[in-house]
Amino acid sequence: MRIVTWNVNSLNARLPRVIDWLETMTPDVLCIQETKLAEDAFPAEEFAKLGYESVHHGQGQWNGVAILSKVGIEDPLSGFADGGGPDDDARIIWATCGGIRIASSYIPNGREVGHEHYKYKLAWLGRLQAHLEKNHTPADDVVVVGDFNVAPEDKDIWDSKAFTGATHVSTPEREAFEHILQWGLSDVFRNRYPDESGLYTFWEYMAGRFHKREGMRIDFILATQPLTSQCELILMDRNARKGEKPSDHAPLLADFKR
DNA sequence: ATGGTGGCCTTGCCA
């Protein structure tokens, strides 16, 4: 089973590239973030032509997450089932695809350390943790993917000095991320390449970051142990960040023996 | 060097 996560930064702007990419890479499941589409503006028919069922949790203009699957979509759930109230933003959608519980998630950016949005980011990561604790066990087949807007270690960014005092690298963010892993998820890329640096999933459009190889590894495929041990391939498709109208994120792809 | 680029419901805000 091939599972991919990709922050497309507007599905409307990216649809031709996403369709081309799907035809070439043929994932079983594609999790999309930042559709920036209203709930009913999702181009489900375009994906159905390629053999994908889909579910979308959208709000228009900002955020929006989706799951496309060739192996079925059961029990879709938008947001959290953690006993809390609804999230104002469309940032996570769950579905069971081929027997695996999968979440496509877009963690809040945080804007600035200490900002209201930063507090929302930490609270949001806490809700993800609570949802996992309430609904699953680490022995289940669970895969949480998406744009976490957190770089877990300094080797996940191009220059630690450039991030002094910035979001994405602060201790509370890294601890909240680590706490989620401690529940029972592995960062599948890091598990396979413990020491690798310089491989990223995101490069700012500004200042020629991509061409200068100044990126960040902030998109993840997190999996419970039964799946992590069955990972055969994990890579970021840097080529998808090149050329005409790319997203600022590259797809992250994993193959599992399923 | 506090810039730069790209997306949106665009003349400001978000990333």
Side-chain angles (χ1 to χ4, degrees), chain A residues 5-21 30-43 46 56-66 79 87-93 104-125 128 145-152 156-170 172-174 176-177 200-220 236-252:
Chain A
T5 182
W6 194 4
N7 180 327
V8 299
N9 185 19
S10 166
L11 188 52
N12 195 39
R14 220 65 60 210
L15 190 60
R17 286 196 66 134
V18 171
I19 286 172
D20 281 355
W21 195 91
L30 173 64
C31 294
I32 296 175
Q33 299 86 40
E34 283 207 86
T35 65
K36 298 187 177 180
L37 293 174
E39 195 81 48
D40 56 3
F42 189 78
E46 298 291 321
H56 178 229
H57 179 33
Q59 67 181 79
Q61 189 169 16
W62 291 310
N63 309 314
V65 285
D87 188 359
D88 287 340
D89 291 355
R91 293 186 176 275
I92 189 163
I93 188 165
S104 176
S105 33
Y106 176 47
I107 282 69
N109 171 285
R111 298 184 195 163
E112 286 177 41
V113 173
H115 192 282
E116 276 306 310
H117 202 256
Y118 177 83
K119 293 169 191 164
Y120 170 56
K121 178 180 196 172
L122 295 178
W124 201 99
L125 287 165
L128 175 55
V145 309
D147 174 3
F148 278 71
N149 276 313
V150 176
D156 298 315
I157 52 176
W158 55 276
D159 179 9
S160 60
K161 289 189 293 296
F163 287 86
T164 304
T167 58
H168 296 58
V169 301
S170 75
E173 289 164 90
R174 285 176 165 177
F177 180 77
Y200 306 122
T201 62
F202 165 79
W203 303 258
E204 287 181 318
Y205 288 121
M206 303 177 265
R209 293 268 188 247
F210 180 69
H211 301 286
K212 291 192 276 188
R213 299 182 178 262
E214 296 176 346
M216 306 173 75
R217 195 176 71 88
I218 56 174
D219 300 82
F220 305 102
M236 35 286 262
D237 181 9
R238 219 178 159 272
N239 289 332
R241 181 62 177 78
K242 301 174 182 173
E244 285 281 301
K245 280 177 78 73
S247 170
D248 42 4
H249 293 253
L252 176 66

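Lettering follows sequence order; numbering is per chain, from 1.
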Work out how far the C1' atom of B/dC9 is from that of B/dC14, and round it to whole angstrom.
13 Å

Give me the distance, rounded to whole Å, that separates B/dG3 from B/dG7 when you measure between the P atoms they each carry.
22 Å

With a 4.0 Å cut-off on heavy atoms, is A/Asn149 in touch with a base, just the backbone sugar-phosphate, or nothing at all?
nothing

Base, sugar-phosphate alone, or nothing: which one does A/Tyr106 contact when heavy atoms must sit under 4.0 Å apart?
sugar-phosphate

With heavy-atom distances below 4.5 Å as the criterion, would you say the side chains of A/Glu34 and A/Trp62 are in contact?
no

Heavy atoms only, 4.0 Å cut-off, all strands: where does A/Glu214 land among base, sugar-phosphate and nothing?
nothing

Of A/Gly110 and A/Ala13, the one whose closest DNA chain B nucleotide lies more 5'
A/Ala13

Looking at A/Trp158 versus A/Trp203, is the centre-to-centre ring distance below 6.0 Å?
no

Would you classify A/His117 as touching base, sugar-phosphate or nothing, given that sugar-phosphate means primed atoms plus P, OP1 and OP2, and contacts are heavy atoms under 4.0 Å?
sugar-phosphate

Derivation and outcome, side-chain contact (heavy atoms from CB on, under 4.5 Å), residues A/Ile92 and A/Trp124
CA-CA 10 Å; A/Ile92 189 163; A/Trp124 201 99; 3.8 Å; yes

If you measure from the C1' atom in B/dA1 to the same atom in B/dG12, how many Å do you get, rounded?
24 Å

Under 3.5 Å: donor-acceptor pair, side chain of A/Ser247, backbone of A/His249
yes

For a 4.0 angstrom threshold against heavy atoms of chain A, report the outermost contacting nucleotides of DNA chain B in 5' to 3' order.
B/dG4 to B/dA15

Can you label the angle between the A/Phe148 ring and the A/Phe177 ring as parallel, tilted or perpendicular, going by 30° and 60°?
perpendicular

Report the residue (A/Arg111 or A/Arg209) whose heavy-atom-nearest nucleotide on DNA chain B is the more 5′ of the two.
A/Arg209

Quick check on side-chain contact (heavy atoms from CB on, under 4.5 Å): which of A/Asn9, A/Val8, A/Asn63, A/Leu11 does A/Lys36 satisfy it with?
A/Asn9

